[in-house]
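Just so you know, residue 1 is the first one in the sequence shown, and it goes up from there.
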Amino acid sequence: MLLSSAFPSRIFPPRTAIAARPSSPATGLHPMTVLVLACLWMGTVCNLPLWHAVLQLSGAYTLRGGVFLLAFLSAVSFATAGVLALLAWGHALKPVISVAILAAAAGAYFIGTYGIAIDPGMLTNVVQTDAREAADLFTWKMPLALLAMAGPPLVWLARARVRPLGWRRRAVHQGAFALGAFAVAAVCILAVFQDFSSTMRNHTRMRYLINPLNSIYAVGSLAAKPLRHDRGPLQPLGRDAHLGASYQGQAKPPLLVLVLGETGRSGNFGLNGYARDTTPELSARQDIASATDAWSCGTSTAASVPCMYSHLGRQAYEKRPADYESLMDVLQHAGLAVLWVDNQSGCKGVCDRVPTVSTSAHPTDQQWCADGKECLDDVMLQGLDERIAALPADQRARGVVVVLHQMGSHGPAYTRRSLPSQKKFQPECLTSALQECTREQVVNAYDNSIVSTDHFLNSTIRWLEARAGSAQTAMVYLADHGESLGEGGIYLHGMPYAIAPDVQKHVPWITWLSPAMQQRTGIATACLQKDLRSRHLTHDNYFHSVLGLMDVRTGVYEAAQDMYAACRQTAQG
């Protein structure tokens, strides 16, 4: 009683009053404060390759250069914050920021390590790759780099207390923040617009280095692609295809092997004038023709293979209103037996409707699959007779076309693409972390993989020569794209076509025709050897050249695109 009277009830209110009083406002960081801090980390630490590129620009270490760097960094950070503010609502705040941090860290690692650019094409490569190819990119440095760049902000983010906001208040705050962030980014760019526009125009690759906006754009572009290109069902192609006059009363059917090369640099083939003898077996032959001015329609397997097996050509393929059947379908429509043998990560849809075999599914051959994980390309010749014999007999009697899809020189694990006996050039780069090796070591490992391809191609020709008693044989080798080996700090392939260096687009194209096939087609190897020395060719020619070589008649065939047509006319004229 005394205590109660000494301290009025307004100081010690009744228990019921305490329960009725509204709770104090929640404490913690405002959601947009969390977003800004995370984006500043991504804008700085996770964009080190970008800032390194900026610091290589002329005048980077002047006052003007410093202002440009600061404005560019601020623009990247606030533009990222604006984009994420539109995506990270309510309970999705931390998950969205976490994914962005991981994407930015991974982007920084791969850009810094291999000099790649991240765009929709590169993301397509990532989606379509298999575990075997992905494993080649994994090194001990990768988890350490990701831990260093993504670990601190993710730990901080997990422990950060975020102030809860009602949905109306959150919508107002977040919407206003997004507009403000984009406004700040725009002001920063306008402040240095002259330098910024000049840099983006003269250094186009730089726009693909901005993390994680490059990944966000790539994901958005791929997600929206079906909406932009609703091509509907697969369109038929070459249903009018039929076999030409050369099949009338033939004594032996044609047998054509199309070797689909992987990551072949034309300039690294000794056959094409390279200073090193990387093609000793092919160079010793007098019966092959090599096109030294051939160019791909893409810089990755995912882009090039569907394009080169299409009738459209590169520019029309990119703008195509519909998806069509491929060269393989047209050959099959004509009545030929067709087989696709794959030692890679798949045919990217072009062989979906023809017989297909994967030699990489169960690598058991002791000679060519030594590690039990993947096989060198020679394994595709093992058991090939039996695989052809399993095709329909009536089609085999007309003719056979076999595609051998190489593992070739696929990087970055070049050292795994050749046998010990084929390693002519030493020392090799023995790791997938190419930047840890000297450029000489990287080139040595790559060149040894070309030595392996040389042996495989010559073995394929010998395999065909051994079947001269039952077939009129030929081989055409064409690589899907080239490769960067450290020129300008760039490795591997997959750069956007417009800015990709020539070494990612200049590819080898080799033709071998048996004497019987030369007589059948009227195409003399001597004519090809002379004609192809200076002839400019692209993947656009491939579809029509194969149809012409196999004497397949169809309305989609264009004689002007047939690389063999000139020599056929010369031989017959």
Worksheet item: Would you call the rings of His493 and His410 parallel, tilted or perpendicular if under 30° counts as parallel and over 60° as perpendicular?
Response: perpendicular
Response to the item:
Distance col, row Met517:CE vs Leu549:CG, nearest 0.5 angstrom, shows 4.5 Å
Discussion item. Tell me whether the NZ or CZ atom of Arg207 lies within the 45° cone about the ring axis of Tyr217 and under 6.0 Å from its centre.
Written reply: no
Fill in: Nearest atoms (heavy-atom pairs only) where Val556 meets His544
O-CE1, 3.2 Å
Discussion item. Checking the side chain of Thr278 only, and the main-chain atoms of Asn268 only, is there a donor and an acceptor separated by less than 3.5 Å?
Written reply: yes
Fill in: Nearest heavy-atom neighbours spanning Asp447 and Tyr274
OD2-OH, 2.7 Å
Discussion item. A quick test of your reading: do over 12 heavy atoms of other residues, nucleotides or ligands sit less than 6.0 Å from CD of Gln519?
Written reply: no
Fill in: Smallest separation among heavy atoms of Gln504 and Leu492, with atom names
NE2-O, 3.6 Å
Item to complete: Return yes if some donor-acceptor pair links the side-chain N/O of Arg535 with the main-chain N/O of Met563 below 3.5 Å, else return no.
Response: yes
Worksheet item: What heavy-atom pair brings Ala303 and Cys307 nearest, and what distance separates the two atoms?
Response: O-CB, 3.4 Å
Item to complete: Would you please classify the geometry between the Trp295 ring and the His536 ring as parallel, tilted or perpendicular, with 30° and 60° separating the classes?
Response: tilted
Worksheet item: Going by the angle between their ring planes, with limits at 30° and 60°, are His311 and Phe543 parallel, tilted or perpendicular?
Response: tilted
Worksheet item: Is any NZ, NE, NH1 or NH2 atom of the basic residue among Arg553 and Asp551 found under 4.0 Å from an Asp or Glu carboxylate oxygen of the other?
Response: yes
Worksheet entry | Geometric cation-pi criterion, Arg320 with Tyr317: 6.0 Å, 45° | yes
Discussion item. Taking ring pair (Phe, Tyr, Trp, His ring centres under 6.0 Å) as the cut-off, I'd like each qualifying pair that reaches into residues 331-355, sequence neighbours left out, listed once.
Written reply: Tyr309-Trp340, Trp340-His405
Response to the item:
Tested for side-chain contact (heavy atoms from CB on, under 4.5 Å) against Phe269, the lone hit among Thr279, Thr292, Val507 is Thr279
Discussion item. Less than 4.5 Å apart, side chain to side chain, heavy atoms only: is that true for Asp329 and Val338?
Written reply: no
Practice prompt. Taking all heavy atoms of Gln406 and all of Gly261, pick out the closest pair and write down the distance.
Written response: OE1-CA, 3.2 Å
Worksheet item: How long is the gap from OG1 on Thr511 to CG on Leu478, to the nearest 0.5 Å?
Response: 9.0 Å
Worksheet item: Where do Glu487 and Arg265 land on the salt bridge (Lys or Arg N to Asp or Glu O under 4.0 Å) test, with the steps shown first?
Response: CA-CA 13 Å; Glu487 300 91 347; Arg265 283 169 57 120; 3.0 Å; yes
Worksheet entry | With sequence neighbours excluded, residues passing salt bridge (Lys or Arg N to Asp or Glu O under 4.0 Å) with Asp454 | none
Practice prompt. Check Thr453, Asn343, Thr359, Thr460 against Asp377 for a side-chain hydrogen bond (donor to acceptor under 3.5 Å, both in side chains) and give me the one that passes.
Written response: Asn343
Item to complete: Would you name the heavy atoms of Thr473 and Ser514 that are closest together and state the gap between them?
Response: O-OG, 2.8 Å
Fill in: Distance (rounded to the nearest 0.5 Å) between Arg387 CZ and Gln382 CD
9.0 Å
